Amino acid sequence: MNITYTSTRGHGGEVTASMAILKGLADDGGLFVPVTMPKLDVTVDQLKNMTYQETAYEVMKLFLTDFTEDELKDCIRKAYDEKFDTKEIAPIREAGGAYYLELYHGATIAFKDMALSILPHLMITAARKNHVTNDIIILTATSGDTGKAAMAGFADVPGTKIAVFYPKDGVSPVQERQMVTQKGDNTFVVGIEGNFDDAQAGVKKMFSDKELEKELDAHGFQFSSANSINIGRLVPQIVYYVYAYTRLVKDGRIKDGDKINITVPTGNFGNILAAFYAKQIGLPVNKLICASNENKVLYDFFATGTYDRNRPFVVTSSPSMDILISSNLERLIYRLTDNDPQATEKLMQSLASGGQYTITDAMRAKLTDFYGNFATEEETLATIRDLYQETGYVIDTHTAVAAAVYRKYKAAHAGDPAVTVIASTASPYKFSRSVMKAIDPELEEKTVDEFALVDALSKASGTPEPKAVSELRTAPVRHKTTCAVPDMEKTIKTWLGI
Ligand SMILES: *Cc1c(COP(=O)(O)O)cnc(C)c1O
(Lines give C-alpha, C1' and ligand atoms only; values in the text may rest on other atoms or scores of the structure.)
Protein backbone atom coordinates (compact mmCIF):
# COMPACT_ATOMS: atom_id res chain seq x y z
CA MET A 1 0.00 0.00 0.00
CA ASN A 2 1.31 3.43 -0.97
CA ILE A 3 0.99 5.94 1.90
CA THR A 4 0.82 9.64 1.13
CA TYR A 5 0.71 12.58 3.51
CA THR A 6 -1.55 15.57 3.79
CA SER A 7 -1.58 18.67 5.98
CA THR A 8 -3.82 18.67 9.06
CA ARG A 9 -5.04 22.05 7.76
CA GLY A 10 -5.96 20.72 4.36
CA HIS A 11 -4.14 22.98 1.92
CA GLY A 12 -1.51 21.85 -0.56
CA GLY A 13 -2.67 18.35 -1.51
CA GLU A 14 -0.92 15.08 -0.93
CA VAL A 15 2.84 14.54 -0.81
CA THR A 16 5.11 11.51 -0.60
CA ALA A 17 6.75 10.48 2.67
CA SER A 18 10.16 11.69 1.48
CA MET A 19 8.69 15.09 0.56
CA ALA A 20 6.98 15.35 3.96
CA ILE A 21 10.30 14.61 5.68
CA LEU A 22 12.11 17.23 3.60
CA LYS A 23 9.54 19.92 4.28
CA GLY A 24 9.00 19.17 7.99
CA LEU A 25 6.04 21.51 8.35
CA ALA A 26 3.36 21.79 5.65
CA ASP A 27 3.19 25.09 3.73
CA ASP A 28 -0.07 26.07 5.44
CA GLY A 29 1.49 25.73 8.90
CA GLY A 30 -0.22 22.36 9.47
CA LEU A 31 1.43 19.03 10.25
CA PHE A 32 1.74 16.15 7.80
CA VAL A 33 -0.39 13.12 8.61
CA PRO A 34 -0.75 9.82 6.73
CA VAL A 35 -3.86 9.86 4.52
CA THR A 36 -4.55 6.25 5.47
CA MET A 37 -3.20 4.37 8.48
CA PRO A 38 -1.26 1.25 7.49
CA LYS A 39 -1.45 -2.02 9.45
CA LEU A 40 1.37 -4.22 10.68
CA ASP A 41 1.76 -7.05 8.16
CA VAL A 42 3.94 -9.37 10.23
CA THR A 43 2.84 -11.27 13.31
CA VAL A 44 4.09 -10.82 16.87
CA ASP A 45 5.38 -14.35 16.56
CA GLN A 46 7.62 -13.25 13.70
CA LEU A 47 8.55 -9.93 15.29
CA LYS A 48 9.60 -11.41 18.60
CA ASN A 49 12.59 -13.07 16.98
CA MET A 50 13.70 -9.93 15.16
CA THR A 51 16.42 -7.51 16.24
CA TYR A 52 15.68 -3.84 16.87
CA GLN A 53 16.93 -3.03 13.38
CA GLU A 54 14.75 -5.68 11.75
CA THR A 55 11.72 -4.49 13.73
CA ALA A 56 12.49 -0.93 12.64
CA TYR A 57 12.32 -1.99 9.02
CA GLU A 58 8.98 -3.77 9.43
CA VAL A 59 7.42 -0.70 11.04
CA MET A 60 9.03 2.07 9.01
CA LYS A 61 8.38 0.44 5.64
CA LEU A 62 4.65 0.78 6.35
CA PHE A 63 4.86 4.57 6.56
CA LEU A 64 7.78 5.51 4.30
CA THR A 65 6.51 3.76 1.20
CA ASP A 66 8.46 5.75 -1.38
CA PHE A 67 11.78 4.64 0.15
CA THR A 68 13.19 1.47 -1.41
CA GLU A 69 14.00 -1.50 0.80
CA ASP A 70 17.73 -0.86 0.29
CA GLU A 71 17.43 2.83 1.15
CA LEU A 72 15.49 2.20 4.32
CA LYS A 73 17.69 -0.64 5.51
CA ASP A 74 20.76 1.46 4.83
CA CYS A 75 19.38 4.34 6.96
CA ILE A 76 18.49 1.92 9.76
CA ARG A 77 21.91 0.28 9.71
CA LYS A 78 23.71 3.63 9.93
CA ALA A 79 21.47 4.87 12.74
CA TYR A 80 21.25 1.97 15.19
CA ASP A 81 24.89 0.94 15.49
CA GLU A 82 27.67 1.28 18.08
CA LYS A 83 26.47 4.79 18.92
CA PHE A 84 24.16 2.89 21.28
CA ASP A 85 25.79 1.37 24.33
CA THR A 86 23.71 -1.82 24.15
CA LYS A 87 22.93 -4.22 21.31
CA GLU A 88 19.29 -4.29 22.39
CA ILE A 89 19.12 -0.53 21.56
CA ALA A 90 16.06 -0.12 23.82
CA PRO A 91 16.26 -2.55 26.76
CA ILE A 92 13.40 -3.13 29.19
CA ARG A 93 13.88 -3.18 32.94
CA GLU A 94 11.25 -4.30 35.44
CA ALA A 95 11.09 -2.31 38.67
CA GLY A 96 8.38 -1.53 41.19
CA GLY A 97 5.62 -3.30 39.25
CA ALA A 98 6.18 -1.65 35.87
CA TYR A 99 8.37 -2.16 32.83
CA TYR A 100 10.74 0.70 32.09
CA LEU A 101 11.56 0.93 28.40
CA GLU A 102 14.99 2.56 28.49
CA LEU A 103 15.18 4.86 25.49
CA TYR A 104 18.38 6.61 26.57
CA HIS A 105 21.19 4.37 25.40
CA GLY A 106 22.16 6.53 22.41
CA ALA A 107 24.80 9.23 21.90
CA THR A 108 23.18 11.99 23.98
CA ILE A 109 21.51 9.78 26.61
CA ALA A 110 17.93 10.94 25.98
CA PHE A 111 15.15 9.31 23.98
CA LYS A 112 15.51 11.91 21.23
CA ASP A 113 18.44 9.82 19.96
CA MET A 114 16.00 7.07 18.98
CA ALA A 115 14.65 9.21 16.14
CA LEU A 116 17.42 11.73 15.60
CA SER A 117 20.07 9.17 14.86
CA ILE A 118 18.08 8.15 11.80
CA LEU A 119 16.51 11.45 10.70
CA PRO A 120 19.67 12.82 9.01
CA HIS A 121 19.93 9.66 6.91
CA LEU A 122 16.25 9.77 5.99
CA MET A 123 16.61 13.42 5.08
CA ILE A 124 19.65 13.07 2.85
CA THR A 125 18.00 10.11 1.13
CA ALA A 126 14.82 12.15 0.71
CA ALA A 127 16.82 15.06 -0.75
CA ARG A 128 18.47 12.76 -3.25
CA LYS A 129 15.16 11.18 -4.25
CA ASN A 130 13.61 14.59 -4.83
CA HIS A 131 16.61 16.05 -6.72
CA VAL A 132 17.20 18.77 -4.16
CA THR A 133 20.45 20.64 -4.75
CA ASN A 134 20.13 23.32 -2.04
CA ASP A 135 21.91 22.85 1.27
CA ILE A 136 19.38 21.84 3.89
CA ILE A 137 19.31 24.09 6.94
CA ILE A 138 17.89 22.34 9.96
CA LEU A 139 16.28 24.85 12.30
CA THR A 140 15.48 23.51 15.72
CA ALA A 141 13.90 24.82 18.88
CA THR A 142 14.80 22.70 21.88
CA SER A 143 13.63 22.34 25.45
CA GLY A 144 17.00 20.73 26.15
CA ASP A 145 17.32 17.31 24.56
CA THR A 146 16.27 17.63 20.92
CA GLY A 147 18.96 20.20 20.13
CA LYS A 148 21.86 18.08 21.27
CA ALA A 149 20.51 14.89 19.75
CA ALA A 150 19.82 16.64 16.44
CA MET A 151 23.32 18.13 16.32
CA ALA A 152 24.86 14.78 17.17
CA GLY A 153 22.99 13.37 14.18
CA PHE A 154 23.66 16.18 11.69
CA ALA A 155 27.20 17.27 12.70
CA ASP A 156 29.42 17.30 9.61
CA VAL A 157 26.76 15.64 7.42
CA PRO A 158 27.54 16.99 3.92
CA GLY A 159 24.81 19.15 2.39
CA THR A 160 23.33 20.12 5.77
CA LYS A 161 23.73 22.81 8.41
CA ILE A 162 21.99 22.86 11.76
CA ALA A 163 21.01 25.72 14.06
CA VAL A 164 19.59 25.14 17.53
CA PHE A 165 17.75 27.64 19.72
CA TYR A 166 17.45 26.81 23.41
CA PRO A 167 16.04 28.79 26.36
CA LYS A 168 19.18 30.16 28.02
CA ASP A 169 17.83 29.81 31.55
CA GLY A 170 15.57 26.82 31.02
CA VAL A 171 17.78 23.76 30.61
CA SER A 172 19.85 21.65 33.00
CA PRO A 173 23.61 22.39 33.38
CA VAL A 174 24.48 19.10 31.68
CA GLN A 175 22.09 19.85 28.83
CA GLU A 176 23.58 23.31 28.35
CA ARG A 177 27.16 22.01 28.43
CA GLN A 178 26.24 19.31 25.94
CA MET A 179 25.02 21.95 23.52
CA VAL A 180 27.67 24.65 23.83
CA THR A 181 30.49 22.13 23.42
CA GLN A 182 28.99 20.64 20.22
CA LYS A 183 31.54 19.90 17.51
CA GLY A 184 30.97 20.09 13.76
CA ASP A 185 31.62 23.03 11.44
CA ASN A 186 28.01 23.02 10.29
CA THR A 187 26.52 23.45 13.78
CA PHE A 188 25.27 26.68 15.38
CA VAL A 189 23.89 27.03 18.92
CA VAL A 190 21.98 30.05 20.21
CA GLY A 191 20.74 30.66 23.75
CA ILE A 192 17.60 32.80 23.61
CA GLU A 193 16.26 35.18 26.20
CA GLY A 194 12.92 33.41 26.46
CA ASN A 195 11.35 30.02 27.13
CA PHE A 196 10.86 26.98 24.89
CA ASP A 197 7.51 28.17 23.55
CA ASP A 198 9.17 31.44 22.44
CA ALA A 199 11.90 29.46 20.69
CA GLN A 200 9.36 27.19 18.99
CA ALA A 201 7.19 30.11 17.89
CA GLY A 202 10.23 31.92 16.46
CA VAL A 203 11.29 28.87 14.48
CA LYS A 204 7.76 28.23 13.20
CA LYS A 205 7.56 31.85 12.05
CA MET A 206 10.74 31.51 10.01
CA PHE A 207 9.43 28.30 8.45
CA SER A 208 6.25 29.92 7.21
CA ASP A 209 7.92 33.12 5.97
CA LYS A 210 7.63 32.99 2.16
CA GLU A 211 9.94 35.98 1.59
CA LEU A 212 12.63 34.37 3.67
CA GLU A 213 12.18 31.12 1.76
CA LYS A 214 12.84 32.91 -1.55
CA GLU A 215 15.86 34.68 -0.13
CA LEU A 216 17.31 31.42 1.13
CA ASP A 217 16.66 29.66 -2.17
CA ALA A 218 18.54 32.42 -4.03
CA HIS A 219 21.56 31.59 -1.86
CA GLY A 220 21.23 27.83 -2.29
CA PHE A 221 19.60 27.07 1.05
CA GLN A 222 16.29 25.64 2.23
CA PHE A 223 14.93 25.05 5.72
CA SER A 224 13.82 21.80 7.22
CA SER A 225 12.90 20.74 10.72
CA ALA A 226 14.30 18.17 13.12
CA ASN A 227 11.56 18.91 15.65
CA SER A 228 9.08 16.24 16.55
CA ILE A 229 6.59 17.71 14.11
CA ASN A 230 8.62 16.02 11.34
CA ILE A 231 7.13 12.64 10.41
CA GLY A 232 10.72 11.48 9.95
CA ARG A 233 10.94 11.63 13.73
CA LEU A 234 7.51 10.33 14.53
CA VAL A 235 7.78 7.14 12.49
CA PRO A 236 11.04 5.86 14.08
CA GLN A 237 9.40 6.41 17.49
CA ILE A 238 6.62 3.94 16.71
CA VAL A 239 9.26 1.22 16.40
CA TYR A 240 10.20 0.92 20.06
CA TYR A 241 6.65 0.42 21.25
CA VAL A 242 6.25 -2.49 18.87
CA TYR A 243 9.67 -3.78 19.95
CA ALA A 244 8.78 -3.47 23.66
CA TYR A 245 5.59 -5.45 23.15
CA THR A 246 7.33 -8.26 21.31
CA ARG A 247 10.08 -8.46 23.97
CA LEU A 248 7.45 -8.80 26.70
CA VAL A 249 5.90 -11.67 24.74
CA LYS A 250 9.28 -13.24 24.10
CA ASP A 251 10.18 -13.07 27.80
CA GLY A 252 6.86 -14.64 28.78
CA ARG A 253 5.66 -11.51 30.63
CA ILE A 254 2.50 -11.31 28.52
CA LYS A 255 0.76 -13.51 25.96
CA ASP A 256 0.45 -12.54 22.30
CA GLY A 257 -2.73 -10.45 22.09
CA ASP A 258 -2.70 -9.22 25.70
CA LYS A 259 -3.16 -5.48 25.94
CA ILE A 260 -0.55 -3.27 27.58
CA ASN A 261 -0.72 0.26 28.96
CA ILE A 262 1.89 2.74 27.82
CA THR A 263 2.84 5.65 30.07
CA VAL A 264 4.70 8.54 28.49
CA PRO A 265 6.21 11.64 30.10
CA THR A 266 4.87 14.22 27.71
CA GLY A 267 5.90 17.64 26.45
CA ASN A 268 5.36 18.28 22.76
CA PHE A 269 3.08 15.20 22.49
CA GLY A 270 5.40 13.50 19.98
CA ASN A 271 6.37 10.40 21.91
CA ILE A 272 2.86 9.59 23.07
CA LEU A 273 1.47 10.25 19.59
CA ALA A 274 3.89 7.61 18.31
CA ALA A 275 2.40 5.21 20.89
CA PHE A 276 -1.08 6.15 19.63
CA TYR A 277 0.02 5.41 16.05
CA ALA A 278 1.44 2.09 17.26
CA LYS A 279 -2.02 1.25 18.56
CA GLN A 280 -3.58 2.36 15.26
CA ILE A 281 -1.38 0.03 13.22
CA GLY A 282 -2.51 -2.88 15.34
CA LEU A 283 -0.44 -3.08 18.54
CA PRO A 284 -2.65 -4.31 21.42
CA VAL A 285 -2.70 -1.23 23.63
CA ASN A 286 -5.21 -0.54 26.40
CA LYS A 287 -4.58 2.96 27.79
CA LEU A 288 -2.15 5.60 26.68
CA ILE A 289 -1.26 7.33 29.92
CA CYS A 290 -0.22 10.91 29.29
CA ALA A 291 1.95 12.25 32.11
CA SER A 292 2.56 15.98 32.55
CA ASN A 293 4.64 17.94 35.04
CA GLU A 294 3.33 21.14 36.66
CA ASN A 295 2.87 22.61 33.17
CA LYS A 296 -0.29 20.51 33.13
CA VAL A 297 -2.00 21.96 30.08
CA LEU A 298 -2.57 18.45 28.65
CA TYR A 299 -4.04 17.11 31.88
CA ASP A 300 -6.51 19.98 31.89
CA PHE A 301 -7.29 19.31 28.24
CA PHE A 302 -8.12 15.65 28.88
CA ALA A 303 -10.15 16.60 31.97
CA THR A 304 -12.18 19.45 30.44
CA GLY A 305 -11.91 19.39 26.64
CA THR A 306 -10.40 22.88 26.73
CA TYR A 307 -6.79 23.46 25.75
CA ASP A 308 -5.64 26.68 27.38
CA ARG A 309 -2.08 27.90 27.24
CA ASN A 310 -2.90 31.13 29.10
CA ARG A 311 -1.16 30.33 32.36
CA PRO A 312 2.20 30.91 34.00
CA PHE A 313 5.07 28.89 32.56
CA VAL A 314 6.62 26.79 35.35
CA VAL A 315 10.32 25.92 35.30
CA THR A 316 10.52 22.38 36.71
CA SER A 317 13.11 19.66 37.28
CA SER A 318 11.87 18.00 34.08
CA PRO A 319 12.75 20.83 31.67
CA SER A 320 12.20 18.83 28.49
CA MET A 321 8.51 18.79 29.41
CA ASP A 322 8.24 22.49 30.24
CA ILE A 323 5.99 23.24 27.30
CA LEU A 324 2.62 24.96 27.05
CA ILE A 325 2.01 24.40 23.34
CA SER A 326 2.20 20.72 22.54
CA SER A 327 2.54 20.92 18.76
CA ASN A 328 1.87 17.28 17.96
CA LEU A 329 -1.52 17.40 19.66
CA GLU A 330 -2.71 18.90 16.36
CA ARG A 331 -2.34 15.46 14.79
CA LEU A 332 -4.59 13.92 17.43
CA ILE A 333 -7.09 16.76 17.06
CA TYR A 334 -7.22 16.02 13.35
CA ARG A 335 -8.08 12.38 14.07
CA LEU A 336 -10.70 13.42 16.63
CA THR A 337 -12.40 15.58 13.96
CA ASP A 338 -12.55 12.49 11.72
CA ASN A 339 -9.80 14.01 9.57
CA ASP A 340 -11.58 17.32 9.02
CA PRO A 341 -8.95 19.94 8.08
CA GLN A 342 -11.35 22.89 8.28
CA ALA A 343 -12.36 22.04 11.85
CA THR A 344 -8.72 21.44 12.79
CA GLU A 345 -7.57 24.71 11.27
CA LYS A 346 -10.27 26.63 13.12
CA LEU A 347 -9.17 25.23 16.48
CA MET A 348 -5.51 25.95 15.73
CA GLN A 349 -6.35 29.52 14.69
CA SER A 350 -8.14 29.95 17.98
CA LEU A 351 -5.03 28.68 19.77
CA ALA A 352 -2.83 31.11 17.83
CA SER A 353 -5.05 34.14 18.42
CA GLY A 354 -6.49 33.59 21.90
CA GLY A 355 -4.26 30.86 23.31
CA GLN A 356 -7.07 28.37 23.71
CA TYR A 357 -9.71 26.18 22.08
CA THR A 358 -12.43 23.78 23.16
CA ILE A 359 -13.23 20.56 21.35
CA THR A 360 -16.79 19.29 20.80
CA ASP A 361 -18.43 16.60 22.95
CA ALA A 362 -18.28 14.22 20.00
CA MET A 363 -14.52 14.72 19.82
CA ARG A 364 -14.14 14.29 23.57
CA ALA A 365 -15.99 11.00 23.39
CA LYS A 366 -13.20 9.69 21.16
CA LEU A 367 -10.52 10.36 23.76
CA THR A 368 -11.12 7.07 25.57
CA ASP A 369 -7.72 5.73 24.48
CA PHE A 370 -6.10 8.27 26.79
CA TYR A 371 -5.77 8.85 30.51
CA GLY A 372 -4.11 12.11 31.55
CA ASN A 373 -2.69 13.22 34.87
CA PHE A 374 0.22 15.23 36.24
CA ALA A 375 2.84 15.08 38.98
CA THR A 376 4.00 17.95 41.16
CA GLU A 377 7.69 18.58 41.80
CA GLU A 378 7.36 17.00 45.21
CA GLU A 379 5.64 13.88 43.87
CA THR A 380 8.29 13.55 41.17
CA LEU A 381 11.21 13.59 43.60
CA ALA A 382 9.37 11.30 46.04
CA THR A 383 8.86 8.79 43.23
CA ILE A 384 12.59 8.74 42.41
CA ARG A 385 13.40 8.27 46.10
CA ASP A 386 10.80 5.54 46.74
CA LEU A 387 11.75 3.51 43.69
CA TYR A 388 15.43 3.79 44.59
CA GLN A 389 14.85 2.77 48.18
CA GLU A 390 12.60 -0.13 47.23
CA THR A 391 14.52 -1.51 44.26
CA GLY A 392 17.88 0.28 43.86
CA TYR A 393 16.81 1.38 40.37
CA VAL A 394 17.39 5.05 39.57
CA ILE A 395 15.22 6.95 37.09
CA ASP A 396 15.52 10.51 35.82
CA THR A 397 13.08 13.32 36.60
CA HIS A 398 11.08 13.00 33.35
CA THR A 399 10.63 9.27 33.76
CA ALA A 400 9.69 9.94 37.38
CA VAL A 401 6.83 12.20 36.28
CA ALA A 402 5.52 9.24 34.28
CA ALA A 403 6.05 6.80 37.16
CA ALA A 404 4.24 9.14 39.56
CA VAL A 405 1.32 9.49 37.18
CA TYR A 406 1.23 5.73 36.69
CA ARG A 407 0.87 5.38 40.47
CA LYS A 408 -2.19 7.64 40.29
CA TYR A 409 -3.61 5.65 37.40
CA LYS A 410 -3.13 2.39 39.27
CA ALA A 411 -4.80 3.73 42.40
CA ALA A 412 -7.82 4.80 40.32
CA HIS A 413 -7.99 1.60 38.20
CA ALA A 414 -7.26 -1.20 40.64
CA GLY A 415 -9.05 -3.74 38.42
CA ASP A 416 -7.00 -3.11 35.27
CA PRO A 417 -4.98 -6.29 34.61
CA ALA A 418 -2.87 -4.78 31.81
CA VAL A 419 0.90 -4.75 32.18
CA THR A 420 2.33 -1.24 31.96
CA VAL A 421 5.31 -0.01 29.99
CA ILE A 422 6.79 3.32 31.08
CA ALA A 423 8.80 5.22 28.49
CA SER A 424 12.06 6.02 30.27
CA THR A 425 13.16 9.07 28.36
CA ALA A 426 16.47 10.17 29.82
CA SER A 427 19.45 8.84 31.71
CA PRO A 428 19.47 10.01 35.35
CA TYR A 429 23.00 11.31 34.64
CA LYS A 430 21.54 14.03 32.50
CA PHE A 431 19.79 15.44 35.54
CA SER A 432 22.23 14.48 38.28
CA ARG A 433 21.40 17.37 40.61
CA SER A 434 17.66 16.82 40.71
CA VAL A 435 18.08 13.06 40.96
CA MET A 436 20.58 13.34 43.84
CA LYS A 437 18.28 15.85 45.51
CA ALA A 438 15.71 13.06 45.62
CA ILE A 439 18.11 10.35 46.74
CA ASP A 440 20.40 12.24 49.12
CA PRO A 441 19.17 15.81 49.72
CA GLU A 442 21.84 16.68 52.29
CA LEU A 443 24.66 15.76 49.98
CA GLU A 444 23.03 17.58 47.08
CA GLU A 445 22.65 20.76 49.09
CA LYS A 446 26.29 20.99 50.09
CA THR A 447 27.67 20.00 46.67
CA VAL A 448 28.33 22.85 44.26
CA ASP A 449 30.22 21.01 41.54
CA GLU A 450 27.95 19.32 38.99
CA PHE A 451 30.46 16.54 38.34
CA ALA A 452 30.79 15.69 42.04
CA LEU A 453 27.06 14.94 41.86
CA VAL A 454 27.69 12.72 38.85
CA ASP A 455 30.22 10.79 40.95
CA ALA A 456 27.73 10.51 43.81
CA LEU A 457 25.06 9.24 41.43
CA SER A 458 27.39 6.63 40.03
CA LYS A 459 28.11 5.41 43.55
CA ALA A 460 24.45 5.41 44.62
CA SER A 461 23.17 3.62 41.52
CA GLY A 462 26.14 1.29 41.07
CA THR A 463 26.24 2.20 37.36
CA PRO A 464 29.20 3.58 35.40
CA GLU A 465 29.09 7.19 34.26
CA PRO A 466 28.06 7.26 30.56
CA LYS A 467 30.57 8.38 27.95
CA ALA A 468 28.27 11.26 26.99
CA VAL A 469 28.88 12.72 30.47
CA SER A 470 32.61 12.02 30.83
CA GLU A 471 33.24 13.79 27.50
CA LEU A 472 31.79 16.96 28.98
CA ARG A 473 34.32 17.15 31.76
CA THR A 474 37.02 18.40 29.41
CA ALA A 475 35.21 19.51 26.24
CA PRO A 476 35.89 23.15 25.29
CA VAL A 477 33.00 25.61 24.88
CA ARG A 478 32.56 26.31 21.16
CA HIS A 479 29.27 28.24 21.08
CA LYS A 480 28.63 31.54 22.86
CA THR A 481 25.89 33.20 20.80
CA THR A 482 22.80 34.49 22.59
CA CYS A 483 19.93 36.59 21.24
CA ALA A 484 16.59 38.17 22.08
CA VAL A 485 13.50 36.44 20.69
CA PRO A 486 12.75 39.09 18.01
CA ASP A 487 16.32 38.76 16.69
CA MET A 488 16.22 35.05 15.87
CA GLU A 489 15.86 35.57 12.11
CA LYS A 490 18.62 38.15 12.01
CA THR A 491 20.92 35.80 13.91
CA ILE A 492 20.31 33.01 11.41
CA LYS A 493 20.96 35.26 8.43
CA THR A 494 24.22 36.48 9.91
CA TRP A 495 25.31 32.87 10.47
CA LEU A 496 24.45 31.93 6.88
CA GLY A 497 26.18 35.05 5.56
CA ILE A 498 23.12 36.40 3.72
C1 LIG B 1 11.53 15.56 24.75
C2 LIG B 1 11.44 14.85 26.03
C3 LIG B 1 10.21 14.50 26.60
C4 LIG B 1 8.89 14.90 25.97
O5 LIG B 1 8.65 14.20 24.76
P6 LIG B 1 7.57 14.77 23.72
O7 LIG B 1 7.70 13.90 22.53
O8 LIG B 1 7.98 16.19 23.45
O9 LIG B 1 6.25 14.70 24.38
C10 LIG B 1 10.21 13.77 27.78
N11 LIG B 1 11.36 13.44 28.38
C12 LIG B 1 12.57 13.77 27.88
C13 LIG B 1 13.79 13.39 28.62
C14 LIG B 1 12.65 14.47 26.68
O15 LIG B 1 13.85 14.78 26.18
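Residues take their numbers from the sequence shown, with the count starting at 1. This structure is a prediction, so every number in the text was calculated from the model and none was measured. Just follow the structure's listing: the first ligand is 1, and inside any ligand the first atom is 1.
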Option from Tyr307, Phe374, Phe370 for which ring pair (Phe, Tyr, Trp, His ring centres under 6.0 Å) with Phe302 holds: Phe370
Side chains of Ser317 and Glu377, donor plus acceptor under 3.5 Å: yes
Ser458-Asp455 side chain donor-acceptor pair, cut-off 3.5 Å: no
Set of residues that line ligand 1, where lining means a heavy atom lies under 4.0 Å from it: Phe111, Lys112, Asp145, Pro265, Thr266, Gly267, Asn268, Phe269, Gly270, Asn271, Ser320, Met321, His398, Thr425, Ala426
Summary of salt bridge (Lys or Arg N to Asp or Glu O under 4.0 Å) pairs that have at least one residue in residues 311-337, sequence neighbours excluded: Arg9-Glu330, Asp300-Arg311
Note, Thr420 side chain near Ile260 side chain (heavy atom, < 4.5 Å): no
Heavy-atom side-chain proximity of Ile92 to Glu102 below 4.5 angstrom: no
